[in-house]
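Report on the structure given below.
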Amino acid sequence: MTKRALVTGITGQDGSYLAELLLSKGYEVHGLIRRASTFNTARIDHLYTDPHSPDAKLFLHYGDLSDGARLVTLLAGIDPDEVYNLAAQSHVRVSFEEPEHTADTTGSGTIRMLEAVRLSGIKTRFYQASSSELYGATPPPQNEDTPFYPRSPYAAAKLYSYWITKNYREAYGLFAVNGILFNHESPRRGETFVTRKITRAVAAIKAGLQENVYMGNLDAIRDWGYAPEYVEGMWRMLQADEPNDYVLATGVGITVREFLQIAFEHAGLDWQEHVLFDERYLRPTEVDALIGDSTRAREKLGWTPTVNGRELARLMVDADIEALRHEGRAWIDKVNLQSWKTPTVQGSI
Ligand code: NAP
Ligand code: G4F
């Protein structure tokens, strides 16, 4: 029997890798996408085939986590074996500027999905994209027993989602799990998250297209892993005999400063000659240090990460230098629209 999965957030970094993984395992994959005035499917275009073809395995459906009725209709129609709820306003800094929207999408969106599962009467397994941001001010190492202390509207919204997922597991016997994922990156990472912002800047500076990059707090420590390995962990959580919550992390924490240093050095550049400070990239409340202990996932799921932050910096610089070489003018134009060159173009992200 072909398994069916529904992925919300399929157009995002993780959604695209998860769709690839599920298709490679023979799943029929359904993705929720938002209607936009321009195409927003660049990360999954390579997976898409004409839905009229008998070989089609990937199907996209318009919808939004703010529209509960639509979610019920979709779930009832698709009747998936597995649901991966990855959709969210996922940017921490932006959540301070759009706290209400973040609460609606990143928080209430989860209860809409869970209610859609319950009201549609389907039998499915449910993955919730929880986050190491939940730990916030609690010092590392952090594991499943570490107390939460959220430090942003984003983290507070994810805290609600974490608990409501657990509640539906206990109240309704739903096979629902929280993946408490530490930061994970890739060449597909959104351009305004710090790793990608740095590696794109390195590529542009190396090519002589810009001189500087403006950054915020360089002292923050993050446990950066590789996104394709983390979506494998998500899938493993839904294959377990019993539902449980799991941390996914490498256990290696490095500062933003060290990531910068490695990324610039990899391209033969000195970061101190190109990095400037702009307070707009600071957060009203910062998360100083996240370093995860993923013993439970390693022991119970056999999940083992192989790429840490230092290796990622080099991998992502190589990918951005190659992308610039390959896409040429189009990539440069995209660079020019981003905030690091002309900080007035965009908001404080
Ligand atoms: P991402 O690249 O920002 O992708 C977010 C996805 O959510 C996009 O597909 C986006 O659609 C969709 N989305 C946003 N608002 C929506 C709405 N109202 N209705 C429907 N879809 C909506 O995020 P990611 O890095 O792949 O992360 C995936 C999930 O894991 C997120 O929930 C994130 O908070 C969580 N997480 C991420 C990390 C990490 O380090 N990456 C760590 C822990 C947890 P558009 O493409 O149309 O914008
Ligand atoms: O890359 P970031 O924006 O990621 P952050 O805030 O850690 O959140 C990411 O990981 C979470 C998991 O822990 C996810 F839940 C969330 O969805 C997202 O994927 O910032 C990382 C660090 C922060 O301490 C920030 O203050 O980098 C620091 N930073 C310094 N300068 C900067 C900048 N961050 C950004 N985005 N831009 C800067 O110029």
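Read the numbers this way: they start at 1 and go in the same order the structure lists the ligands and their atoms. No hydrogens, no waters, no symmetry mates; every other heavy atom, side chains included, goes into these values.
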Purely on distance, is any nitrogen or oxygen of [X] under 3.5 Å from one on ligand 1?
X: Leu65; result: yes
X: His184; result: yes
X: Arg34; result: yes

Taking the non-hydrogen atoms of [X], is any one of them nearer than 4.0 angstrom to ligand 1?
X: Ser130; answer: yes
X: Lys158; answer: yes
X: Tyr154; answer: yes
X: Thr8; answer: no

Exercise for the section: Work out whether the distance between some heavy atom of Met215 and some atom of ligand 2 is less than 4.0 Å. Expected result: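 Per 4.0 Å heavy-atom rule, Met215 contacts ligand 2.
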Handout entry: Proximity flag Gln89 to ligand 2, non-hydrogen atoms under 4.0 Å
Key =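 So Gln89 does not count as touching ligand 2.
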Does [X] use its side chain to pair, donor to acceptor, with the backbone of [Y] at less than 3.5 Å?
X: Glu98; Y: Ser95; answer: no
X: Asp223; Y: Gly292; answer: yes
X: Arg112; Y: Leu65; answer: yes
X: Gln13; Y: His184; answer: yes
X: Thr106; Y: Ala103; answer: no
X: Ser131; Y: Leu134; answer: no

Practice task
Would you please say whether a donor-acceptor pair under 3.5 Å links the side chains of Arg188 and Ser16?
Solution key: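 Indeed, the side chains of Arg188 and Ser16 share at least one donor-acceptor pair under 3.5 Å.
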Exercise for the section: Check the side chains of Ser132 and Gln142 for a donor-acceptor pair under 3.5 angstrom, ignoring hydrogens and angles. Expected result: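 No pair is found: no donor N or O on one side chain lies under 3.5 Å from an acceptor on the other.
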Practice task
For residues Phe193 and His91, establish whether the separation of their ring centroids is below 6.0 Å.
Solution key: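 Between His91 and Phe193, which both carry aromatic rings, the centre distance is below 6.0 Å.
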Handout entry: Centroid-centroid distance, Phe148 to Tyr135, less than 6.0 Å
Key =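 Phe148 vs Tyr135: aromatic centres under 6.0 Å.
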At a 4.0 Å threshold, what atoms of ligand 2 neighbour a non-hydrogen atom of [X]?
X: Ser131; answer: 11 (C), 12 (C), 13 (O), 14 (C), 15 (F)
X: Ala220; answer: 24 (O)
X: Asn217; answer: 28 (C), 29 (N), 30 (C), 31 (N)

Report, in ascending order of atom number, the atoms of ligand 1 lying under 4.0 Å from any heavy atom of [X].
X: Asn40; answer: 47 (O)
X: Gly12; answer: 2 (O), 4 (O), 8 (C), 9 (O), 26 (O)
X: Ser131; answer: 43 (C), 44 (C)
X: Asn183; answer: 40 (O)
X: Thr105; answer: 15 (N), 16 (C), 17 (C), 18 (N)
X: Arg189; answer: 25 (O), 39 (C), 40 (O), 41 (N)

Name the closest protein heavy atom to [atom], giving the residue it belongs to and the distance to 0.1 Å.
atom: atom 30 (O) of ligand 1; answer: Ala129 CB, 3.5 Å
atom: atom 6 (C) of ligand 1; answer: Gly9 CA, 3.6 Å
atom: atom 31 (C) of ligand 1; answer: Leu86 O, 3.0 Å
atom: atom 43 (C) of ligand 1; answer: Leu181 O, 3.1 Å
atom: atom 27 (O) of ligand 1; answer: Asp14 OD2, 3.7 Å
atom: atom 2 (O) of ligand 1; answer: Gln13 N, 3.1 Å
atom: atom 23 (O) of ligand 1; answer: Ser90 OG, 3.5 Å

Practice task
Tell me, please, which residues at least two apart from Thr41 pass side chain to side chain donor-acceptor pair (under 3.5 Å).
Solution key: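 So Thr41 forms a side chain to side chain donor-acceptor pair (under 3.5 Å) with Asp45.
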Exercise for the section: Give me the one residue out of Arg196, Lys197, Arg314, Arg200 that meets salt bridge (charged side-chain N to carboxylate O under 4.0 Å, His left out) with Asp320. Expected result: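 Running salt bridge (charged side-chain N to carboxylate O under 4.0 Å, His left out) over Arg196, Lys197, Arg314, Arg200 with Asp320 returns exactly one hit, Arg196.
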Practice task
Report yes if some heavy atom in the side chain of Trp235 is under 4.5 Å from a heavy atom in the side chain of Leu22; otherwise report no.
Solution key: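 The answer is yes; the side chains approach within 4.5 Å.
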Exercise for the section: Evaluate the side-chain proximity of Ile254 to Arg222: yes if any heavy-atom separation is below 4.5 Å, no if none is. Expected result: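 SC-SC contact between Arg222 and Ile254 ruled out.
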Handout entry: Considering all heavy atoms, the nearest Ala249-Arg298 contact
Key =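 The pair with the smallest heavy-atom distance is O-NH2, 3.5 Å.
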Heteroatom proximity flag, [X] to ligand 2, N/O under 3.5 Å:
X: Arg222; answer: yes
X: Val194; answer: yes
X: Lys197; answer: yes
X: Gly216; answer: yes
X: Tyr281; answer: no

Exercise for the section: Would you mind telling me if ligand 2 is within reach of the side chain of Arg283, the backbone, both or neither, using heavy atoms under 4.0 Å? Expected result: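 Looking at Arg283 and ligand 2, just side chain atoms fall under 4.0 Å.
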Exercise for the section: Measure His184 to ligand 2 on non-hydrogen atoms and call it side chain, backbone, both or neither using the 4.0 Å cut-off. Expected result: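 It is neither; nothing of His184 touches ligand 2.
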Handout entry: Qualifying residue, where the test is ring pair (Phe, Tyr, Trp, His ring centres under 6.0 Å) with Tyr230 and the options are Trp303, Tyr127, Trp224
Key =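 Single pass found, and it is Trp303.
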Problem - Salt-bridge criterion met for Arg257 and Asp219 (N-O under 4.0 Å) - result: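 Looking at Asp219 together with Arg257, the answer is yes, because their closest N to O distance falls below 4.0 Å.
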Counting heavy atoms only, name the option from [options] that's nearest to [atom].
atom: atom 17 (C) of ligand 1; options: Thr192, Thr11, Val92, Asp64; result: Asp64
atom: atom 14 (C) of ligand 1; options: Ala88, Ala157, Ala87; result: Ala88
atom: atom 5 (P) of ligand 2; options: Leu282, Asp223, Asn183; result: Asn183

Sequence neighbours excluded and cut-off under 3.5 Å, please list the side-chain donor-acceptor pairs for residues 113-124, or say none.
residue: Glu115; atom: OE1; partner: Arg118; partner atom: NE; Å: 2.6
residue: Glu115; atom: OE1; partner: Arg118; partner atom: NH2; Å: 3.2
residue: Glu115; atom: OE1; partner: Tyr168; partner atom: OH; Å: 2.6
residue: Glu115; atom: OE2; partner: Arg118; partner atom: NH2; Å: 3.1
residue: Ser120; atom: OG; partner: Ala116; partner atom: O; Å: 2.6
residue: Ser120; atom: OG; partner: Val117; partner atom: O; Å: 3.2
residue: Thr124; atom: OG1; partner: Pro80; partner atom: O; Å: 2.9
residue: Thr124; atom: OG1; partner: Asp81; partner atom: O; Å: 3.1
residue: Thr124; atom: OG1; partner: Glu82; partner atom: N; Å: 3.4

Practice task
State which residue, out of Asp245, Thr165, Val177, fulfils the side chain to side chain contact (heavy atoms under 4.5 Å, CB included) condition with Gln128.
Solution key: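 Passing option: Thr165.
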